Enquirer: 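Let me begin by handing over the structure; questions about it come next.
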Amino acid sequence: QLVPSSSHSPMSSEPLFLSDIGASYDGTHVAARLNDGEITIWSTDSPEPVARCKPGFSASESRYQIDPSRGLIYSGTWDSGLTCFDYRNQKVIWRRKDIIGIQTVNISNALPNSLFLTLEAPDHVRWYQKAVSG
């Protein structure tokens, strides 16, 4: 579930560390995720963060993609589906709970209006492939 993040508590006993880093499909933004799940997004033109949000992940792998032209993050999880989150306005735009087994979420520079998912469904679910455009 995507929720607006809050500031890190200085009294927290859990040390924070960088979990992963990625770039938008067009190279104009970078994102870094901490081990608590919070993602910070920066424009490559400015040292100030553009946004912070906290999507849910079912594992430690990076399963999100930034769409800076629309101000969106697409976040996928293994068991909870795909969520589109507006990081400028800090709200969920849509959620697809019927897409399970998400391994990766990508946007191509050649097809910036399409979202590409890599799926691996459990054995008891018939494997299928979907394209999501929006």
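Note that the structure is a prediction, hence the values are computed from the model and not measured. Computed over heavy atoms, backbone and side chain alike; hydrogens, waters and symmetry mates excluded. This chain uses plain numbering: 1 for the first residue, then up along the sequence.
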Enquirer: Check Lys91 with Asp86, please: is the shortest side-chain N to carboxylate O separation under 4.0 Å?
Expert: no
Enquirer: Can you measure from CG (Leu117) to CG (Asn106) and round to the nearest 0.5 angstrom?
Expert: 8.5 Å
Enquirer: Between Tyr87 and Arg52, is there a side-chain heavy-atom distance shorter than 4.5 Å?
Expert: no
Enquirer: With no hydrogens and no angle check, do the side chains of Asp67 and Ser69 hold a donor and an acceptor under 3.5 Å apart?
Expert: yes
Enquirer: Which value, rounded to the nearest 0.5 Å, describes the distance between Leu119 atom CG and Ile99 atom CD1?
Expert: 7.0 Å
Enquirer: Quick check on side chain to side chain contact (heavy atoms under 4.5 Å, CB included): which of Val105, Thr104, Ile39 does Tyr64 satisfy it with?
Expert: Ile39
Enquirer: Within this structure, what is the CG-OG distance for the pair Leu115 and Ser108, rounded to the nearest 0.5 Å?
Expert: 11.0 Å
Enquirer: Side chains of Glu38 and Arg33, heavy atoms from C-beta outward: is any pair under 4.5 Å?
Expert: no
Enquirer: Please give me the minimum heavy-atom distance between Tyr74 and Cys84, naming the atom from each residue.
Expert: CE2-SG, 3.6 Å
Enquirer: Going by the rule side chain to side chain contact (heavy atoms under 4.5 Å, CB included), which residues pair with Thr28 if we only count those two or more places apart in sequence or in a different chain?
Expert: Ser24, Asp26, Pro68
Enquirer: How would you list, by chain and number, every residue that makes a side chain to side chain contact (heavy atoms under 4.5 Å, CB included) with Ala23, sequence neighbours excluded?
Expert: Val30
Enquirer: For the CH2 atom of Trp94 and the OG1 atom of Thr83, what is their distance to the nearest 0.5 Å?
Expert: 7.5 Å
Enquirer: If you take all heavy atoms of Ala31 and Ile66, which pair is closest and at what distance?
Expert: CB-CD1, 3.3 Å
Enquirer: Which atom pair, heavy atoms only, marks the closest approach of Ala32 to Leu18?
Expert: CB-CD1, 3.5 Å
Enquirer: From Thr40 OG1 over to Ile21 CD1, what is the distance, rounded to the nearest 0.5 angstrom?
Expert: 10.0 Å
Enquirer: Please name all residues satisfying side chain to side chain contact (heavy atoms under 4.5 Å, CB included) with Asp45, sequence neighbours left out, ordered by chain then number.
Expert: Ser43
Enquirer: How about Arg70 and Asn113: do any of their side-chain heavy atoms sit closer than 4.5 Å?
Expert: yes
Enquirer: How far apart are the closest heavy atoms of His29 and Ile41, and which atoms are they?
Expert: CD2-CG2, 4.0 Å
Enquirer: For the residue pair Cys53 and Ile73, what are the closest heavy atoms and their distance?
Expert: SG-CD1, 3.5 Å
Enquirer: Give, for atom NZ of Lys97 and atom CG of Asp79, the distance between the pair rounded to the nearest 0.5 Å.
Expert: 11.5 Å
